[in-house]
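Note that these values count all heavy atoms, side chains included, but never hydrogens, waters or copies made by symmetry. Source: prediction; values computed, not measured. Below, chain A is the first sequence line, B the second, and so on; all start at residue 1.
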There are 2 protein chains.
Amino acid sequence: MPKPQAKPERKTRIQSQNEEIILDAALEVFSAYGYRGGTIDQIAARCGLSKPNLLYYFRRKDDIYKAVLERTLADWLEPLRSLDPAADPATELTRYISAKLDLTFGRPAASRLFANEILHGAPHVARFLKGPLKELVDAKALVIRRWVAEGKLRPVDATHFIFAIWAVTQHYADFAVQVEAIIGTPDRERVRRAVLDILLRGIIPGRG
Amino acid sequence: MPKPQAKPERKTRIQSQNEEIILDAALEVFSAYGYRGGTIDQIAARCGLSKPNLLYYFRRKDDIYKAVLERTLADWLEPLRSLDPAADPATELTRYISAKLDLTFGRPAASRLFANEILHGAPHVARFLKGPLKELVDAKALVIRRWVAEGKLRPVDATHFIFAIWAVTQHYADFAVQVEAIIGTPDRERVRRAVLDILLRGIIPGRG
DNA sequence: GTCTATAATATGATAGAC
DNA sequence: GTCTATCATATTATAGAC
């Protein structure tokens with residue numbers, strides 16, 4: 001959070017704008033080097049502010065990190081949240097996986113920031129994982145189980161299936177340098193087809 | 001590498017033993033906090049050596065990190081390497097995926113160390129990725145394509161299928177705190193069955 | 001080989017002028 | 001709000017006694 005000056009005045013446009021610039025730069029730096037590895041100097045340099053000026057907007061390094069992390073969490077839940085129980089499973093799962101891949105390729109830094117946070121024990125988002133995330137996954141696992149019960153989907157371990165979707169899609173952001181080392185810059189449409197095929201062929205009736 | 005004293009004497013048992021202890025401690029520290037986040041102090045404290053004493057065995061922090069990373073790379077390739085083209089695909093892929101899961105649950109710190117290294121651009125293992133790893137993946141993708149051509153496996157994008165296996169199996173180590181937040185400590189056998197089912201059902205003939 | 005002490009550097013954070 | 005200068009601390013790494 002930015003420090004409010006004496007009186008709780010409304011933010012100027014300059015302020016909001018600078019905060020955005022800082023958070024964009026912080027996302028790049030923290031996702032590339034980790035929390036400990038990224039420095040305030042780097043972030044300041046990247047957005048053309050002096051270090052003390054940056055620290056005027058965010059008093060401490062930790063505040064910057066929390067802000068950039070929180071900004072990504074909401075977006076992260078959205079695709080799963082919009083999984084519609086009333087619609088056709090094949091359509092919905094295809095849409096969900098495609099949306100996750102769009103995030104992966106469109107905002108790889110956000111994926112890597114989140115991956116880094118989890119990888120190192122989720123010190124800043126433990127509450128988020130055990131609260132909103134768990135609730136959402138539990139709810140959507142129920143949706144999948146209902147689809148299975150209704151015969152619209154072949155039997156599958158719902159929660160682990162969600163984990164598999166996350167793992168496979170985020171892989172192309174989190175392990176991008178490895179993917180690139182092996183196949184060069186991946187063709188997004190080919191990735192999409194391959195991933196949909198691998199994840200869905202076995203459980204969409206009439207597709208196996 | 002440990003610094004050889006004046007003459008290239010053979011290592012004493014104490015030396016080799018201490019190096020092992022140091023590398024074990026370093027694996028824990030670096031995998032938990034990242035390269036930058038882990039300190040020599042932490043590693044020294046964890047293995048009961050003084051910091052200068054530790055630096056007698058490995059002159060620089062970077063040397064410790066490289067050593068512990070290299071020690072894991074060979075083991076990481078082994079399961080894929082042993083994929084047998086002459087054997088039955090269903091058996092081989094089941095064995096491979098199970099072996100990966102055994103690594104994930106048996107040595108999660110090693111998985112997280114590697115994940116962290118890749119996540120941050122693979123500064124230390126770029127050559128490994130473009131050399132031995134790429135060669136191995138290319139070779140094993142050919143094996144899978146042959147199986148498909150022989151009708152032993154349904155059509156699948158071989159390389160992306162290997163990526164999917166990596167992603168799904170390593171997820172249980174790299175994102176362990178997230179998994180735990182959602183389902184508690186996972187039951188390994190259930191994970192194994194779920195993962196095998198999700199990854200193989202669609203492409204093993206007669207299993208869909 | 002192992003220790004204490006310490007140098008050298010990097011980095012988070014603040015003081016105070018403008 | 002933004003800057004220069006600087007402090008305080010953490011951390012890598014070394015010197016030199018034992």
Side-chain angles (χ1 to χ4, degrees), chain A residues 1-23 25-30 32-69 120 123-124, chain B residues 1-23 25-26 28-69 120 123-124:
Chain A
M1 305 301 174
K3 165 177 88 176
Q5 288 298 67
K7 296 175 186 178
E9 294 166 9
R10 203 164 52 194
K11 280 179 201 169
T12 70
R13 211 183 57 228
I14 293 271
Q15 274 177 326
S16 307
Q17 199 174 322
N18 272 343
E19 282 173 19
E20 288 301 307
I21 292 171
I22 291 169
L23 292 181
L27 173 61
E28 292 302 320
V29 169
F30 284 134
Y33 303 101
Y35 176 69
R36 237 358 238 308
T39 70
I40 298 178
D41 272 323
Q42 278 178 299
I43 299 170
R46 181 175 270 264
C47 55
L49 294 175
S50 68
K51 183 159 53 172
N53 194 186
L54 190 158
L55 287 168
Y56 166 80
Y57 290 100
F58 297 89
R59 265 178 67 83
R60 296 179 307 164
K61 183 185 184 181
D62 205 56
D63 294 338
I64 309 174
Y65 182 74
K66 277 184 197 157
V68 65
L69 200 54
H120 297 130
H124 293 84
Chain B
M1 305 300 176
K3 166 176 89 175
Q5 288 298 68
K7 295 176 185 179
E9 295 167 8
R10 201 162 54 194
K11 280 179 201 170
T12 70
R13 210 183 57 227
I14 294 270
Q15 274 177 326
S16 306
Q17 199 174 321
N18 273 343
E19 281 174 19
E20 288 300 308
I21 291 171
I22 292 169
L23 292 181
E28 292 302 319
V29 169
F30 284 133
S31 72
Y33 303 101
Y35 176 69
R36 200 67 196 298
T39 70
I40 298 179
D41 270 324
Q42 280 177 298
I43 299 170
R46 181 175 269 265
C47 57
L49 293 175
S50 69
K51 183 159 51 174
N53 193 187
L54 191 158
L55 287 167
Y56 166 80
Y57 290 100
F58 296 90
R59 264 179 66 84
R60 295 179 308 164
K61 183 184 184 180
D62 204 57
D63 294 338
I64 309 174
Y65 183 75
K66 277 184 197 157
V68 66
L69 200 54
H120 296 130
H124 293 85

Could you please spell out the steps behind the side-chain contact (heavy atoms from CB on, under 4.5 Å) verdict for A/Asn18 and A/Asn53?
CA-CA 10 Å; A/Asn18 272 343; A/Asn53 194 186; 5.6 Å; no
Mind calculating the distance between CZ (A/Arg59) and C1' (D/dG1) to the nearest angstrom?
16 Å
Shortest side-chain distance from B/Pro52, nucleotide among D/dG1, C/dT14, C/dC3
C/dC3
Using whole Å, report how far OH of B/Tyr33 lies from C1' of D/dT11.
16 Å
Please step through side-chain contact (heavy atoms from CB on, under 4.5 Å) for the pair B/Tyr56 and B/Gln15, ending with a clear verdict.
CA-CA 10 Å; B/Tyr56 166 80; B/Gln15 274 177 326; 3.9 Å; yes
In whole Å, what is the span from the CG atom of A/Leu49 to the C1' atom of D/dT2?
9 Å
What is the ring orientation for A/Phe30 with A/Tyr65, classed by angle as parallel under 30°, tilted 30 to 60°, or perpendicular over 60°?
perpendicular
Any N/O pairs under 3.5 Å between the protein and nucleotides 8-12 of chain C? List them or say none.
from   : atom 1 : to      : atom 2 : distance (Å)
C/dT11 : OP1    : B/Arg36 : NH2    : 2.4
C/dG12 : OP1    : A/Lys61 : NZ     : 3.0
C/dG12 : OP2    : A/Ile40 : N      : 3.0
C/dG12 : N7     : A/Lys51 : NZ     : 3.4

May I have the distance from B/Ile64 (atom CD1) to D/dT11 (atom P), rounded to whole angstrom?
14 Å
B/Asn53 side-chain N/O to C/dG1 phosphate OP1/OP2 under 4.0 Å
no
Here's a test for you: under side chain to side chain contact (heavy atoms under 4.5 Å, CB included), which of A/Val29, A/Asp41, A/Ile22 qualifies with A/Arg46?
A/Val29
How close or far is atom C1' of D/dT4 from atom CG of A/Leu54, stated in whole angstroms?
16 Å
Verify whether one side chain among B/Tyr35 and B/Asp62 offers a donor that lies under 3.5 Å from an acceptor in the other.
yes
Where do A/Lys51 and A/Thr39 land on the side-chain contact (heavy atoms from CB on, under 4.5 Å) test, with the steps shown first?
CA-CA 10 Å; A/Lys51 183 159 53 172; A/Thr39 70; over 6 Å; no
Below 4.0 Å: OP1/OP2 of D/dT2 and any side-chain N or O of A/Ser50:
no
Looking at C/dT2, I'd like to know if its phosphate oxygens (OP1 or OP2) sit under 4.0 Å from a side-chain N or O belonging to B/Tyr56.
no
Is the phosphate of C/dT2, meaning OP1 or OP2, less than 4.0 Å from a side-chain N or O of B/Tyr57?
yes
